[in-house]
Amino acid sequence: MPTANKFSVSRYAPERGAMAKLTARDSVVRRLDWPILLSALALSFIGALLVWSATRNRTSLNQGDPYYFLARHALNTGIGLVLMIGTIWLGHRTLRGAVPILYGLSLVLILAVLTPLGATINGAHAWIVIGGGFSLQPSEFVKITIILVMAMLLATRVDAGDLAHPDHRTVVKALCLAAAPMGIVMLMPDLGSVMVMIVIVLGVLLASGASNRWVVGLLGAGASGAILIWQLGVLDEYQINRFAAFANPELDPAGVGYNTNQARIAIGSGGLTGSGLFKGSQTTGQFVPEQQTDFVFTVAGEELGFVGAGLILLLLGIILWRSCMIARETTELYGTIVCAGIIAWFAFQSFENIGMTLGIMPVAGLPLPFVSYGGSSMFAVWVAIGLLQSIKVQRPLSA
């Protein structure tokens with residue numbers, strides 16, 4: 001009998017009695033997790049200011065309109081909120097039944113990237129240009145799909161009371177379904193997104209109660225796979241250069257190491273309280289590339305200082321903390337696994353994004369959740385918030 005990991009699944013046995021209905025006194029609005037919602041809104045608002053500061057003087061990007069990126073960031077946030085509301089309205093249980101459709105749609109979208117519909121942006125052939133200045137990055141939505149499809153498979157028999165934890169056959173099926181889109185994303189190549197997906201898979205397995213041997217085995221396989229990919233030359237030259245610059249920041253300070261060096265200068269110059277919004281010399285001088293997207297944290301470090309950067313970390317921490325509380329309180333394994341996948345996603349992507357600006361992680365082209373400019377990433381994280389809220393709202397009440 002395989003040994004389950006430290007995450008207990010005994011509390012997922014089916015409850016007796018009818019599901020209590022929501023009353024006017026215990027409405028959907030009252031049951032929302034407001035710390036998560038307000039923290040995400042605050043991060044999006046801070047992100048709008050940082051994106052505005054980073055782009056208002058970049059005429060080569062903003063088409064001569066200093067408010068161009070600010071308006072689009074606000075629009076993306078608004079659409080994200082609509083998607084969150086729609087996700088809450090549908091409910092995570094309804095979406096559970098639609099997982100096969102969502103999974104198939106995700107495969108179609110990422111395969112479309114490899115056709116002439118796909119476009120290359122910043123070295124990654126990971127986009128579909130829609131028109132009107134808008135583009136779609138399907139790999140952002142694949143993160144959600146992997147969480148949902150693995151949760152559906154791993155939780156079905158446990159929530160039904162047939163098993164105490166997922167068996168080996170179920171784990172293999174879940175891993176195969178996760179591996180298919182990850183392999184396609186790797187072909188783009190979008191190494192940053194693949195890194196996030198690997199962490200999501202590990203987080204999902206840990207929360208599911210599957211044998212710890214699966215986690216250990218995947219870590220070993222991942223290390224072996226990374227060495228094999230490096231030896232076979234699968235990575236593009238710019239990706240290899242990024243890792244080389246991470247290992248040795250002084251290797252080429254005017255070339256591959258330029259982004260990281262300028263980012264560290266910007267953050268280091270901010271001090272405790274920063275130089276003031278719109279007053280950062282590195283930001284105003286346009287020394288840091290991709291400052292509205294991957295390197296948006298440098299604007300916070302330079303212009304808002306340690307206080308402002310710390311506030312961003314605090315708000316992200318609140319989202320992760322409350323997500324853990326929702327995962328602990330739900331009475332169904334499916335909900336716990338979905339929460340765990342989102343937690344792993346947000347935690348690792350935030351750490352990687354901030355870490356690469358500080359020089360403690362390699363540059364991987366990942367946005368900072370809620371803060372960085374980008375439609376696809378903004379839509380995906382707000383859908384994830386909708387899933388968390390749905391799990392909180394639809395948690396069974398005491399009979």
Side-chain angles (χ1 to χ4, degrees), residues 5 7 36 39-40 43 47 124 126 137 139-151 174-175 178-179 181-182 185-186 188-208 214-216 218-223 225-226 229 239 242-243 246 260 263 293-297 309 312-324 326-327 336-372 374 376-378 380-385 387-388:
N5 60 39
F7 292 90
I36 284 182
S39 296
L43 284 170
Q137 188 177 11
S139 58
E140 290 292 336
F141 304 102
V142 171
K143 299 170 186 176
I144 299 174
T145 304
I146 288 176
I147 293 172
L148 293 178
V149 74
M150 292 191 70
L175 291 176
M182 289 170 59
V185 173
M186 190 66 197
M188 294 179 180
D190 186 356
L191 183 60
S193 293
V194 172
M195 291 167 58
V196 176
M197 293 172 193
I198 291 173
V199 173
I200 287 174
V201 169
L202 292 174
V204 163
L205 287 179
L206 282 170
S208 72
W214 281 107
V215 177
V216 174
L218 286 176
L219 289 174
I229 288 173
Q239 293 174 318
R242 283 178 175 180
F243 282 102
F246 166 68
T260 302
T293 53
D294 301 345
F295 288 90
V296 71
F297 191 74
I312 291 176
L313 292 175
L314 175 63
L315 293 170
L316 288 168
I318 291 173
I319 292 175
L320 295 174
W321 164 58
R322 292 302 305 172
S323 299
C324 290
I326 294 173
T336 296
I337 293 176
V338 171
C339 289
I342 294 172
I343 293 167
W345 167 13
F346 284 4
F348 177 76
Q349 188 159 316
S350 299
F351 177 75
E352 165 60 31
N353 177 277
I354 295 172
M356 71 183 187
T357 64
L358 298 175
I360 61 174
M361 291 293 286
V363 176
L366 291 172
L368 184 60
F370 304 100
V371 181
S372 293
S376 299
S377 59
M378 186 68 78
V381 295
W382 277 109
V383 169
I385 294 295
L387 287 169
L388 292 171

[atom1] of [X] to [atom2] of [Y]: how many Å apart, nearest 0.5 Å?
{"X": "F351", "Y": "L358", "atom1": "CZ", "atom2": "CG", "value": "9.0 Å"}
{"X": "L388", "Y": "S323", "atom1": "CG", "atom2": "OG", "value": "4.5 Å"}
{"X": "R322", "Y": "C339", "atom1": "CZ", "atom2": "SG", "value": "11.5 Å"}
{"X": "M197", "Y": "I146", "atom1": "CE", "atom2": "CD1", "value": "5.0 Å"}
{"X": "S193", "Y": "L366", "atom1": "OG", "atom2": "CG", "value": "6.0 Å"}
{"X": "I36", "Y": "I385", "atom1": "CD1", "atom2": "CD1", "value": "5.5 Å"}

>> side-chain contact (heavy atoms from CB on, under 4.5 Å) for V371 and L316? Distances and angles first, verdict last.
In response: CA-CA 10 Å; V371 181; L316 288 168; 5.9 Å; no
Determine whether [X] and [Y] make a side-chain contact, defined as any pair of heavy atoms from C-beta on separated by less than 4.5 Å.
{"X": "M195", "Y": "L191", "answer": "yes"}
{"X": "F295", "Y": "V363", "answer": "yes"}
{"X": "V381", "Y": "W345", "answer": "yes"}
{"X": "V194", "Y": "I198", "answer": "yes"}

What is the minimum heavy-atom distance between [X] and [Y], and which atoms define it?
{"X": "A364", "Y": "E352", "answer": "CB-OE2, 3.3 Å"}
{"X": "S376", "Y": "F141", "answer": "O-CZ, 4.0 Å"}
{"X": "A344", "Y": "I200", "answer": "CB-CA, 4.2 Å"}
{"X": "I318", "Y": "S39", "answer": "CG2-OG, 3.3 Å"}
{"X": "A380", "Y": "I144", "answer": "O-CD1, 3.5 Å"}

Okay, side chain of [X], backbone of [Y]: is any donor-acceptor separation there less than 3.5 Å?
{"X": "D294", "Y": "N353", "value": "no"}
{"X": "D190", "Y": "V185", "value": "no"}
{"X": "T357", "Y": "I354", "value": "yes"}
{"X": "Q349", "Y": "P367", "value": "yes"}

> When M150 is tested against each of T145, L205, I337, V338 for side-chain contact (heavy atoms from CB on, under 4.5 Å), which residue passes?
Replying inline: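 It is L205, the one option of T145, L205, I337, V338 that forms the side-chain contact (heavy atoms from CB on, under 4.5 Å) with M150.
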> What do the steps show when you test M356 against F297 for side-chain contact (heavy atoms from CB on, under 4.5 Å), and what is the final call?
Replying inline: CA-CA 10 Å; M356 71 183 187; F297 191 74; over 6 Å; no
>> Assess the residue pair L368 and L43 against the criterion (side-chain contact (heavy atoms from CB on, under 4.5 Å)); give the C-alpha distance rounded to whole Å, side-chain angles, the decisive distance to 0.1 Å, and a yes or no.
In response: CA-CA 10 Å; L368 184 60; L43 284 170; over 6 Å; no
> Can you list the steps and then say if L175 with W214 is a side-chain contact (heavy atoms from CB on, under 4.5 Å)?
Replying inline: CA-CA 10 Å; L175 291 176; W214 281 107; 3.8 Å; yes
